[in-house]
2 protein chains.
Amino acid sequence: MARTVKGPDARRERWKGHREQRRAEFVEATIAVVAKKGPDVGMEDVAAEAGVSKPVLYRHFTDKSDLYLAVGQKATEVLMERMGPALAAEGSIRDRITGIVDAYLSVIEENPNLYRFVVKGSFADRPVEKDVVAEDKNLIAATLARILGDYLRAFDMDSGGAEPWAHALVGMVQNAGDWWLERQTMSRANLSDYLATIIWHALDGLLRSAGVEIDPATPLTPLRLVD
Amino acid sequence: MARTVKGPDARRERWKGHREQRRAEFVEATIAVVAKKGPDVGMEDVAAEAGVSKPVLYRHFTDKSDLYLAVGQKATEVLMERMGPALAAEGSIRDRITGIVDAYLSVIEENPNLYRFVVKGSFADRPVEKDVVAEDKNLIAATLARILGDYLRAFDMDSGGAEPWAHALVGMVQNAGDWWLERQTMSRANLSDYLATIIWHALDGLLRSAGVEIDPATPLTPLRLVD
DNA sequence: AAGTAACCGTTACCTCAAGTAACACTTACC
DNA sequence: GGTAAGTGTTACTTGAGGTAACGGTTACTT
């Protein structure tokens, strides 16, 4: 009895969650070993950190770039979690922009090696197609583009520029952050403020040129969150 | 007679220029083979393209990253040559910004594989320290920072923001250009205009907040060229 | 109870690109 | 004629990514 109704064989289902969990475990191991030994770790190091030999690792990831990709996604997730509150926060626009930028900077400041691993160590050998960072940046940029587009449409403006805008903003913050991370010649708060100023002025100019006036101190209710 | 005054032995000097020329030759070969076979070429491919075997290549470059670096520098040189005129051009500020951005985009549009090789294929294996792209981006950013700083000082403004500004701008244009290059969903002119708009507004806002008013159509004599 | 589908894990190997050793020949300065 | 630079070759070493082949465990199926 029980289930003679059998789905395709319960032995197959038995592990469903387990595999996911195991992958996550290896991703954690990678992050740990990167934090310890710097961004130039190999598959063997990762396996060792997880207390296991290479083939086991390869049972869960087809490939180095597969692992790297997973790490990148995890990192993006962490990043998003940190930026989410800043995105949704109450307060003036100016302050919210600063908050978002600063959230980003604080994440890379706290995990410099992970950041380098994901951003620099990418491309996992051959295939330029399967770019690891690109995926993550695109995800972030897409999120941003959606938010921007919504706001533009809310003001009855052309939303065609939302995508280039989003990618421009992402690149701007990322590159400035990268520079800052390597030689820290100013405080984080300072940089956040500089970047937020640039963004704010650009945004203000854009709206102004469409005849929309906005006060930097206006709270401007969020249209929607990260979703 | 002649020169019994001997410098350290003329046999050493004899090749001085030659080595430089040879390096340049290999750099050209790399660029050629990358254009032909895509950004994922190995040392053997490069050597073959130059009609020579690997060890010869290694006589002139200590290392893969050494070659990559040289290629990056050459590419940066080309880029600078193309952006130079746009930097120095007469015309309104707005137009000049557009010109500079468009010059950049046109270069990556014409050499997509070289661009990918330099930007993505970087990091030449292990050493994250010796980052290939970073060098070039820093060079460009430094040039920009100098120009910006000079202008800011000319207006008696705090020039401390010039460096972050420069890195922000570089990242912005680079990332937007990257996105555009992969999926060309808008015309180059269109993107140039969007980016120039962002930059112009940011710049305008910065000056405005310091009480300086500037007309986008003002020619604004260049303080100095690339130098 | 026997079979089997999924996992656990190992050691020892293969592969391929980066980089090197060792060797031989050429040119022009000394 | 000696030698310091360069020209070039084939054949090797190295190291990291990735695989083969083996054996053990668990819990579902028959």
Side-chain angles (χ1 to χ4, degrees), chain A residues 1-23 25-26 29-30 33 37-69 121-127 130 132, chain B residues 1-23 25-26 29-30 33 37-69 121-127 130 132:
Chain A
M1 17 214 66
R3 8 195 300 256
T4 332
V5 234
K6 68 182 165 218
D9 187 336
R11 275 173 298 190
R12 189 165 291 145
E13 307 307 292
R14 210 175 110 220
W15 305 95
K16 265 293 145 70
H18 187 250
R19 289 192 61 81
E20 280 310 304
Q21 191 194 336
R22 208 78 212 287
R23 272 178 71 101
E25 191 184 317
F26 285 120
T30 309
V33 75
K37 303 175 51 171
D40 293 335
V41 297
M43 295 301 267
E44 192 115 36
D45 301 274
V46 173
E49 173 73 23
V52 116
S53 61
K54 268 194 298 171
V56 177
L57 189 49
Y58 279 100
R59 288 232 183 77
H60 296 275
F61 300 89
T62 65
D63 197 79
K64 193 167 140 178
S65 64
D66 189 20
L67 172 61
Y68 281 26
L69 200 70
S122 85
F123 112 94
D125 260 18
R126 308 288 92 216
K130 255 189 176 176
V132 180
Chain B
M1 26 198 65
R3 8 194 299 258
T4 333
V5 233
K6 66 182 170 219
D9 188 336
R11 275 173 298 190
R12 189 166 293 146
E13 306 306 294
R14 209 175 110 219
W15 305 95
K16 267 292 145 71
H18 188 249
R19 288 191 62 80
E20 280 310 303
Q21 191 193 336
R22 209 77 213 289
R23 272 178 72 101
E25 190 185 317
F26 285 120
T30 309
V33 75
K37 302 175 51 170
D40 292 335
V41 298
M43 296 301 266
E44 192 114 39
D45 301 274
V46 174
E49 173 74 21
V52 116
S53 61
K54 268 193 299 171
V56 176
L57 191 49
Y58 279 99
R59 287 232 185 74
H60 297 275
F61 299 89
T62 64
D63 194 82
K64 192 166 138 178
S65 65
D66 189 20
L67 172 61
Y68 280 27
L69 199 70
S122 85
F123 111 94
D125 260 17
R126 309 285 94 218
K130 253 189 176 176
V132 179

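Worth knowing before you read on, the calculation uses all heavy atoms, side chains too, and leaves out hydrogens, waters and symmetry mates. Throughout, protein chains are lettered first and strands after them, A, B, ... in sequence-line order, and every chain is numbered starting at 1.
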(message) Looking at every heavy atom in both B:Asp66 and B:Thr62, which two are closest together, and how far apart are they?
(response) OD2-N, 3.1 Å
(message) Going by purine N1 to pyrimidine N3 plus the second Watson-Crick contact, or the G-U wobble pair, all under 3.5 Å, which nucleotide sits opposite D:dT30?
(response) C:dA1
(message) It should be established whether A:His60 places a side-chain nitrogen or oxygen under 4.0 Å from OP1 or OP2 of nucleotide C:dG9.
(response) no
(message) How many whole angstroms separate atom OH of A:Tyr68 from atom C1' of D:dA16?
(response) 10 Å
(request) Check the pair B:Asp45, B:Lys37 against side chain to side chain contact (heavy atoms under 4.5 Å, CB included), reporting the backbone distance first and the verdict last. (result) CA-CA 9 Å; B:Asp45 301 274; B:Lys37 302 175 51 170; 3.0 Å; yes
(request) Please state how far atom CD in B:Glu44 lies from atom P in D:dT9, giving the value in whole angstrom units. (result) 11 Å
(request) For B:Val41 and B:Tyr68, work out which heavy atoms get closest and say how close. (result) O-OH, 3.7 Å
(message) Side chain of A:Met43 only, heavy atoms from C-beta on: which candidate in D:dG17, D:dT7, C:dA18 is closest?
(response) D:dG17
Each nucleotide N or O in nucleotides 10-16 of chain C that has a protein N or O under 3.5 Å away: list the pair and distance.
from   : atom 1 : to      : atom 2 : distance (Å)
C:dT10 : OP2    : A:Ser53 : N      : 2.8
C:dT10 : OP2    : A:Ser53 : OG     : 2.5

(request) Give the rounded distance in Å between these two atoms: CG of A:Leu57 and P of D:dG18. (result) 10 Å
(request) Nearest whole angstrom, please: distance from the P of C:dC7 to the CD of A:Glu20. (result) 12 Å
(message) Testing the basics here: between B:Phe26 and B:Val46, what is the closest heavy-atom pair and its distance to 0.1 Å?
(response) O-CG1, 4.3 Å
(message) Tell me whether A:Arg23 contacts the main-chain N or O of A:His60 through its side chain, where contact means a donor paired with an acceptor under 3.5 Å.
(response) yes
(request) Would you mind reading off the distance between B:Tyr58 atom OH and D:dG6 atom P, rounded to a whole angstrom? (result) 19 Å
(message) Rounded to whole Å, how long is the line connecting atom CG of B:Asp40 with atom P of C:dA17?
(response) 11 Å
(request) Check whether any side-chain nitrogen or oxygen of B:Arg19 sits under 4.0 Å from OP1 or OP2 of D:dG6, and answer yes or no. (result) yes
(request) Heavy atoms only: give me the nearest B:Glu49-B:Ala29 pair and the separation to one decimal. (result) CG-O, 3.4 Å
(request) Round to a whole Å and report the spacing from CG of A:Asp45 to C1' of D:dA16. (result) 10 Å
(request) Look at the side-chain N and O atoms of A:Arg22 and state whether any lies under 4.0 Å from the OP1 or OP2 oxygen of C:dG9. (result) yes
(message) Could you tell me how far apart A:Phe26 (CZ) and C:dG9 (C1') are, to the nearest whole angstrom?
(response) 11 Å
(message) Restricting to salt bridge (charged side-chain N to carboxylate O under 4.0 Å, His left out), what partner residues turn up for B:Glu25, sequence neighbours left out?
(response) B:Arg22
